[in-house]
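The structure under discussion appears below in the form of structure tokens.
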There are 2 protein chains.
Amino acid sequence: MNIGDAARASGVSAKMIRYYEQSGLIPKAGRTAGGYRDYSANDVHMLRFVRRARDLGFSIVEIEELLQLWRDRSRQSADVKRIALARIADLRRRIHAMEEMAATLQHLASSCSGDHRPDCPILADLEQGEVAKPRRTRGAIDEAPQ
Amino acid sequence: MNIGDAARASGVSAKMIRYYEQSGLIPKAGRTAGGYRDYSANDVHMLRFVRRARDLGFSIVEIEELLQLWRDRSRQSADVKRIALARIADLRRRIHAMEEMAATLQHLASSCSGDHRPDCPILADLEQGEVAKPRRTRGAIDEAPQ
DNA sequence: GGTGGGGCTTCCAGCCGTGGGAAGGTCAAG
DNA sequence: CTTGACCTTCCCACGGCTGGAAGCCCCACC
């Protein structure tokens, strides 16, 4: 099975499959006589695993861990659960930060007349807003693929 | 005022100030005889504006717009409000997507015994998680901005 | 037996926002 | 004048991809 077929079957683009292989996330695929990468149904299975994990927002590093646990028949479910719980905690933190942003903006927007006049409390806030340091939250998974 | 002082006064790192200047977000700073960038209190004001906006999650492009509006005395508050509302909508979409991820993971984690045994519903889900055939980018959080 | 096209290969470059660091110039205090 | 804190430019890296170019390879069709 060529990389294109594997891509279609797994939902991971051919580009990404090569990238994952090159970065060591997945093992190097076998090659045909012509030098093409060759994939088995099992490989597709693994690619789907990766895709599903990315859809759930796991980072590449976390997926690396999950893949190892997946392959390890003697793994303990606690190890997997630990990663999942950490991911949940991370999500909750990001959600909370984003909710605060939305609330602040909502407050500003609702006190803004939104008409033709130049007065605007939103700009007024930006102008002098005292700034705590809510670390960047626009990274990682919430940044949709372009 | 040197870049370091401006950085401390605005909360934007010197690195970022240079980056913002280089990428055209903020105007080029004047230079001293020795080639150092020179900042006024007004420049610091602008940098704080940028920082506050980034903390509220506005993208660089949005901040560019906001800065123009900020400088434009004849701007209409509706223009600013439009950007703020778009940002709120974007935040809400992201929050929703992340809540779904968290809920799914929570469900999986709570059905995982998390002990020494190898059985794990989290891996079981990843293993066969529904991968939609149509190449939708990334499930719930697709619809990439920009 | 040719040929055209699509798929495959590699490599290189970029996105955003940020931090790190090297090599060298500038400044103010001692 | 020396020291050392600061500044300058430049390049590299991250994550997580995406795109493009140049060049093989393979298969169907004539």
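Labels below follow one simple rule: chain letters A, B, ... track the order of the sequence lines, proteins then strands, and each chain is numbered from 1.
Note on ring orientation: taking the six-membered ring where Trp is involved, the planes of A:F49 and A:W70 are parallel (angle under 30°, cut-offs 30° and 60°).
One atom, OH of A:Y20, and another, C1' of D:dG15, lie 11 Å apart when rounded to the nearest Å. One atom, CD1 of B:I17, and another, P of D:dT9, lie 13 Å apart when rounded to the nearest Å. In this entry the distance linking CG of B:D5 with P of C:dC27 reads 14 Å, nearest Å. Summarising the geometry, the separation between CZ on A:R54 and C1' on D:dT18 is reported as 14 Å, rounded to the nearest angstrom. Rounding to whole angstrom units, CG of residue A:N2 and P of C:dC8 are separated by 5 Å. As rounded to whole Å, 10 Å separates atom P of D:dT8 from atom CG of B:D38. Atom CD of B:Q22 and atom P of C:dG14 are 12 Å apart (whole Å). Look at CD1 on B:I26: it is 14 Å from C1' on C:dG17, rounded to the nearest Å.
Salt-bridge check for A:R82 with A:E65: passed, with a basic side-chain N closer than 4.0 Å to an acidic carboxylate O. A salt bridge between B:R52 and B:D55 is absent, with no side-chain N of the basic residue lying under 4.0 Å from a carboxylate O of the acidic one.
B:R37 has no side-chain polar atom (N or O) that falls below the 4.0 Å cut-off from OP1 or OP2 of D:dC7. Between A:Y19 and D:dG15 there is no side-chain polar atom (N or O) within less than 4.0 angstrom of OP1 or OP2. Phosphate proximity of C:dT26 to B:T32: absent, as no side-chain N or O sits under 4.0 Å from OP1 or OP2. Dashed line: the shortest gap from a side-chain N or O of A:R31 to OP1 or OP2 of C:dT10 is under 4.0 Å.
Each of B:R8 and B:K15 lies near DNA chain D, and the nucleotide nearest B:R8 is the one positioned closer to the 5' end.
With hydrogens and angles disregarded, no donor-acceptor distance shorter than 3.5 Å links the side chain of B:R37 to the backbone of B:N2.
Checked options B:N42, B:D43, B:D38; the residue passing with B:S40 is B:D43 (criterion: side-chain hydrogen bond (donor to acceptor under 3.5 Å, both in side chains)).
Scanning atom types as modelled, no donor and acceptor separated by under 3.5 angstrom connect the side chain of A:Y36 and the base of D:dC26.
Looking at heavy-atom distances under 4.0 Å, B:S13 makes contact with sugar-phosphate atoms alone, never a base. Among the protein residues, B:R18 comes within range of the nucleic acid bases, having at least one heavy atom under 4.0 Å from a base atom.
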